[in-house]
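Structure first, commentary second.
Throughout, protein chains are lettered first and strands after them, A, B, ... in sequence-line order, and every chain is numbered starting at 1.
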Amino acid sequence: MEKTLWKHVGRVREASPLVHNITNFVVMNNTANAVLAVGASPVMSHAHSEVEAMVGICGAVVVNIGTLDEYWAETMLRAAREAVRLCKPWVFDPVGAGATPYRDEVSAALLALRPTVIRGNASEIMAVATATANLATQNMRGSTPVTKGVDSTAESTEAIEAARRLSREFGSVVCVSGETDIIVSGERTVLVHNGSTLMTRVTGLGCSASAVTGAFVAVGGDTLEVVAAATALFAICGEIAAEDAPGPGTLQVALLDKLHNITGGEFAARLNIES
Amino acid sequence: MEKTLWKHVGRVREASPLVHNITNFVVMNNTANAVLAVGASPVMSHAHSEVEAMVGICGAVVVNIGTLDEYWAETMLRAAREAVRLCKPWVFDPVGAGATPYRDEVSAALLALRPTVIRGNASEIMAVATATANLATQNMRGSTPVTKGVDSTAESTEAIEAARRLSREFGSVVCVSGETDIIVSGERTVLVHNGSTLMTRVTGLGCSASAVTGAFVAVGGDTLEVVAAATALFAICGEIAAEDAPGPGTLQVALLDKLHNITGGEFAARLNIES
Amino acid sequence: MEKTLWKHVGRVREASPLVHNITNFVVMNNTANAVLAVGASPVMSHAHSEVEAMVGICGAVVVNIGTLDEYWAETMLRAAREAVRLCKPWVFDPVGAGATPYRDEVSAALLALRPTVIRGNASEIMAVATATANLATQNMRGSTPVTKGVDSTAESTEAIEAARRLSREFGSVVCVSGETDIIVSGERTVLVHNGSTLMTRVTGLGCSASAVTGAFVAVGGDTLEVVAAATALFAICGEIAAEDAPGPGTLQVALLDKLHNITGGEFAARLNIES
């Protein structure tokens with residue numbers, strides 16, 4: 001797989017797919033910039049009056065519940081349904097799942113629409129796995145939250161069983177972000193060891209990675225491999241950006257630069273995956 | 001005109017007008033920073049409970065439909081109406097017009113309020129010209145979208161006829177952004193050849209240019225010339241910022257710096273316009 | 001007090017409190033990044049369906065009315081009430097108070113919930129003091145606005161009497177931002193002389209300072225001293241960041257870096273307070 005990941009980066013740059021992001025207010029700017037930096041084209045739109053029309057012209061949909069409310073939750077469900085109806089890939093990022101019962105309810109409803117990709121940190125992946133399991137037993141409100149807000153309190157390796165369960169139940173590729181990113185599809189697993197701990201001190205880099213993943217699934221191919229390519233690209237660029245960064249401000253700027261100008265040689269020299 | 005454009009930059013810095021931006025979630029931060037960097041003062045406010053009051057204390061209003069919804073569309077219409085009632089200039093940026101019928105409907109309703117300035121990329125300008133033409137023949141839903149999301153798929157020169165039509169019909173100065181920015185007022189045309197293609201890889205620079213245009217029309221003067229000044233300033237600063245930028249992250253930061261510290265000498269040395 | 005302020009910085013880094021920000025769209029990204037940079041953990045959430053639950057898991061709540069509307073105002077009131085009910089500290093930043101009657105109404109309703117900290121520029125502090133005084137005499141609509149949008153038109157020293165009045169009436173620590181930041185608690189006053197005028201050319205640094213203040217009050221201690229620590233940290237980091245910055249773009253990036261990596265030695269060498 002190491003030898004083929006870079007070609008997906010080139011395909012995104014060439015096809016420049018339109019990615020419909022229904023995401024949170026905190027990260028909209030960075031997310032749009034990350035999608036542009038990898039060569040794709042972002043659009044953000046949430047009005048009930050146009051959500052299906054916008055899904056109709058896009059290559060993929062990304063749903064991120066970071067600042068959800070009742071209006072936006074309806075938008076997200078309608079967008080996911082329309083993506084499913086049109087057989088377009090969609091990515092679900094359950095930001096803050098486990099923090100409140102409401103997030104778990106909305107997450108469970110979205111999961112039922114079988115996301116192409118589920119991408120979150122370990123706490124979130126474990127929370128949505130619990131939420132859907134509890135939903136099945138009518139006991140969701142009794143779940144123990146494992147999330148502290150939107151930052152993970154769990155290690156990504158702890159979440160691997162939850163990821164496998166979600167992948168089996170919903171047919172999704174599941175990406176658990178962390179010091180090692182873990183990508184699961186049924187029984188297959190890919191580990192991406194790139195990245196930098198300084199990335200956790202910049203808000204919304206996980207959200208940006210999910211949006212970039214949307215650009216990659218929009219161009220098609222084996223989903224596990226495509227998600228691994230997006231994940232590795234983002235982690236490698238963050239790793240390079242962090243090396244000379246005195247802090248998170250510079251990291252964020254340098255990451256956008258690197259997503260834009262990274263070469264196949266830089267990518268190959270850094271890539272550290274197990275599959 | 002070359003000799004007089006810089007004085008408008010000085011007038012904005014001196015007057016520091018208050019600019020009311022009703023804009024999209026993706027670009028609010030950058031837009032506010034761009035307005036501050038040119039020496040003006042931004043305010044963002046959308047509540048129905050205060051929109052007219054806020055228009056009342058501002059020097060100009062900027063309406064940008066990038067992430068519109070039903071509530072915000074009502075805000076935009078009320079703000080534009082109040083600006084018209086108070087004879088205050090207002091700028092319309094029809095982001096993503098042509099992408100969905102809803103955007104075209106809202107755009108047509110806003111255009112009917114005769115914006116002082118209409119500013120968009122070629123796809124958007126052509127889309128709103130088509131939308132208003134179709135509206136006249138009750139056939140809008142049948143229009144062929146020419147927009148791919150929010151990024152232009154047309155060259156700005158293709159849009160010049162659409163711009164002339166909009167200018168004649170609504171009495172607006174129309175600015176078509178692109179590799180060459182084209183500014184049209186009735187039969188008069190100004191071309192601005194400054195800028196950098198890297199600017200298209202940063203989200204919302206067009207939105208920021210529209211907001212800066214709002215600051216310039218707030219201080220008054222011949223509208224065509226004032227819009228040309230704002231357009232040239234933004235393009236020149238982007239051109240300078242792009243020269244040493246390894247990517248879009250750095251460009252965005254350097255552009256804000258340059259909007260703040262550009263001198264008359266730097267401006268004059270770069271200015272490349274035809275009028 | 002000079003000798004003890006730094007320990008609060010260390011306590012925030014160690015405890016990494018969760019801070020619930022109900023803030024404006026313009027500054028959400030920077031605010032979240034500032035909270036992360038000082039070592040705390042931000043969450044942003046506004047849905048009526050989860051606001052109380054989110055307050056329940058957080059160490060402090062920050063309410064900022066910069067882009068308020070009817071839905072968000074309800075969220076803010078519910079969050080503040082829940083914070084009071086749970087005896088959690090909450091910070092109120094009355095952005096743009098005085099600009100419209102609606103902002104004054106909502107501000108007065110929030111003040112009645114007795115914020116732990118009120119933090120704003122001189123115009124805003126004077127406006128909310130007037131609004132609450134007028135409310136008492138049923139004459140609020142007749143108040144003379146002293147605010148130009150969201151940027152202060154008054155000197156912070158002019159606001160000191162208003163701050164004292166608010167502190168006495170609501171039991172709050174009041175921080176008036178400006179060239180000198182003034183912190184008032186009853187009869188006690190602390191002046192922080194750090195900072196840079198270039199900071200006023202970056203949008204939302206006041207909002208970020210309020211969010212950082214939320215992180216500091218979340219870890220407890222004498223509130224006046226804790227607010228002074230947060231205020232001094234932010235001002236010192238801005239001062240350092242501004243020194244080599246050619247403009248506001250670089251300042252914003254460098255400020256986040258410095259909030260992350262400032263040392264006790266740098267802090268002590270710069271600290272310039274009177275108490």
Is there side-chain contact between [X] and [Y], with at least one heavy-atom pair below 4.5 Å?
| X | Y | value |
| --- | --- | --- |
| Ile236(C) | Ile262(C) | yes |
| His20(C) | Val62(C) | no |
| Asp93(C) | Val63(C) | no |

Exercise. Val253(A) versus chain C, heavy atoms under 4.5 Å apart: side chain, backbone, both or neither?
Worked result: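 For Val253(A), side-chain heavy atoms alone lie under 4.5 Å from chain C.
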
Problem set entry | Max heavy-atom pair count under 4.5 Å with chain A, selected residue of Gly56(C), Ala37(C), Gly39(C), Ala47(C) |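 It is Ala47(C).
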
Problem set entry | Atom group of Asn261(C) that falls short of 4.5 Å from chain A, counting heavy atoms |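 The answer is the side chain of Asn261(C).
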
Exercise. What orientation do Phe25(A) and Trp72(A) show, parallel under 30°, tilted 30 to 60°, or perpendicular over 60°?
Worked result: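 Ring orientation, 0 to 90° scale: perpendicular.
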
